[in-house]
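Along the sequence shown, residues are numbered consecutively beginning with 1.
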Amino acid sequence: MDSNGVAAQARETGTLGKLMVLLDLVTHADAPLRFTDILALAGQPRGTLHRQLTHLVEEGLLELDGDGRYAPGLRLLDFAARSWARNEFRLIAEPHLRDLQQATGETVHLGVLRGQSIIYLDKVEGRQPVRMYSQIGNASPCYCTGVGKAALSLLPAESLVDLLAGLSFTSFTASTHVSAETLLAEIREIAEQGYAFDREEHEAGIRCVAAPVWSEDRTFMGGISITGPAYRLSMELLHQWAVPVQLAAGRIMEGMRVRLGPRR
């Protein structure tokens, strides 16, 4: 059984929980899944699974093609678009992300820590001819991305140790951390200096500098980054951009403090 199957078994067994498992399985699959594929992954009775998939198709949350394969439905796009458009963190950050992109010419990301992953809330594409393949809404591992490591530096020591203990490290490149010990050492360094680097750890040839962003109540912990190809972004240049990205992060946090602080 793969990680999706394990996640399905670990999820609550209520009706909503089972439906969410199915949505997770289909939307995170690399290709459309057949009924037998979902049956093997979901661990639910055949009849129950068929009814739930039928409901999801009827509601437009999943689509069933002529070959009997399930894919994400268009209604999910509507939900995602409305959520993205109304997300206050993103709206507060947007002008500062654009200012940072204008100053550097490179792609700028805003991401939030969710479990062991970074979810990208916004992206301002660089002006350069070689661009990033990252997409808003995509999840990336926290341990091999600049935004992820910046966000991890915000966690209390006990929470950080617990999270690292549960990580399964994948060696994406020769530079990827493959142990909690080396990652923890770097995160402590990031916490002291206030910025993080991705030294071609997730994708070969891609580097970034990132700074942490958080809300006063720590319900939002993430970061912003300047990202680009290694042949353009030398480590010397990234060190120079550490201050601008930290200043942008500070302006975003001040905006959150003013707009999302306690109402009186």
Side-chain angles (χ1 to χ4, degrees), residues 3 89 93 96-97 100 106-123 132 134 138-228 230 233-253 256:
S3 59
F89 292 120
H96 305 296
L97 302 180
L100 196 58
E106 299 293 348
T107 299
V108 176
H109 293 101
L110 170 70
V112 60
L113 183 66
R114 287 291 180 266
Q116 299 177 351
S117 300
I118 281 292
I119 308 297
Y120 291 107
L121 294 183
D122 208 350
K123 171 186 177 183
M132 304 298 100
S134 55
N138 275 6
S140 292
C142 62
Y143 61 89
C144 59
T145 55
V147 171
K149 291 186 292 181
L152 290 180
S153 73
L154 301 172
L155 291 175
E158 184 175 342
S159 299
L160 177 60
V161 169
D162 289 344
L163 187 149
L164 297 186
L167 281 176
S168 296
F169 291 88
T170 298
S171 183
F172 294 99
T173 75
S175 301
T176 307
H177 282 286
V178 293
S179 74
E181 290 74 20
T182 61
L183 177 59
L184 182 58
E186 184 180 1
I187 292 171
R188 287 171 175 163
E189 180 181 328
I190 292 166
E192 291 180 3
Q193 65 191 17
Y195 55 88
F197 296 111
D198 175 351
R199 302 174 177 87
E200 303 183 58
E201 297 162 47
H202 192 210
E203 297 180 62
I206 300 297
R207 291 175 179 158
C208 90
V209 58
V213 176
W214 67 94
S215 59
E216 287 188 305
D217 60 3
R218 296 296 174 117
T219 56
F220 175 96
M221 289 186 288
I224 62 171
S225 67
I226 306 168
T227 307
L233 274 61
S234 66
M235 291 306 302
E236 180 181 2
L237 179 59
L238 289 180
H239 276 281
Q240 294 175 14
W241 283 348
V243 171
V245 78
Q246 285 179 291
L247 291 174
R251 288 190 286 269
I252 292 170
M253 289 188 288
M256 288 194 291

Non-neighbouring partners of R199 that pass salt bridge (charged side-chain N to carboxylate O under 4.0 Å, His left out), sequence neighbours left out: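 With sequence neighbours excluded, R199 shows a salt bridge (charged side-chain N to carboxylate O under 4.0 Å, His left out) to E186, given in chain and number order.
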Salt bridge (charged side-chain N to carboxylate O under 4.0 Å, His left out) partners of E200, counting only residues at least two apart: R207
- prompt: According to the ring-ring contact (aromatic ring centres under 6.0 Å, His included) rule, which pairs have a member within residues 144-168, sequence neighbours left out?
  reply: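 Passing the test, one end in residues 144-168: no pairs.
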field: Residue among V147, I187, L152 satisfying side-chain contact (heavy atoms from CB on, under 4.5 Å) with C142
entry: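 Of the listed residues V147, I187, L152, the side-chain contact (heavy atoms from CB on, under 4.5 Å) partner of C142 is L152.
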Quick one: pull up [atom1] in [X] and [atom2] in [Y] and give me the separation to the nearest 0.5 Å.
X    : Y    : atom1 : atom2 : value
L238 : T227 : CG    : OG1   : 9.0 Å
D122 : H96  : CG    : NE2   : 12.5 Å
E201 : T173 : CD    : OG1   : 7.0 Å
L233 : Q240 : CG    : CD    : 10.5 Å
E106 : S225 : CD    : OG    : 11.0 Å

Give the minimum heavy-atom separation between [X] and [Y], together with the two atoms involved.
X    : Y    : result
T176 : C144 : CG2-CB, 4.0 Å
L183 : F169 : CD2-CE2, 3.9 Å
A248 : I224 : CB-CD1, 3.7 Å
Y195 : I190 : O-CG2, 3.4 Å
Y120 : T145 : OH-CG2, 4.0 Å
I119 : A139 : CD1-CB, 3.4 Å

task: Kindly indicate, with the supporting measurements, whether the criterion side-chain contact (heavy atoms from CB on, under 4.5 Å) is fulfilled by V213 and M256.
output: CA-CA 10 Å; V213 176; M256 288 194 291; 3.5 Å; yes
Flag side-chain contact, heavy atom, 4.5 Å: [X] against [Y]:
X    : Y    : value
L100 : P244 : yes
L97  : I252 : yes
Y143 : Q116 : no
L113 : I118 : yes

- prompt: Between the main-chain N or O of T107 and the side-chain N or O of K123, is there a donor-acceptor pair closer than 3.5 Å?
  reply: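 Not confirmed, K123 side chain does not pair with T107 backbone.
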field: Set of residues satisfying ring pair (Phe, Tyr, Trp, His ring centres under 6.0 Å) with respect to F172, sequence neighbours excluded
entry: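 F172: ring pair (Phe, Tyr, Trp, His ring centres under 6.0 Å) contacts with H202.
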message: Please enumerate all residues that pass ring pair (Phe, Tyr, Trp, His ring centres under 6.0 Å) together with H177, with sequence neighbours excluded.
response: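 Not a single residue meets the ring pair (Phe, Tyr, Trp, His ring centres under 6.0 Å) criterion with H177.
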Side-chain polar contacts of residues 153-168 - donor-acceptor pairs under 3.5 angstrom, sequence neighbours left out - could you list them?
from, atom 1, to, atom 2, distance (Å)
S153, OG, A150, O, 2.5

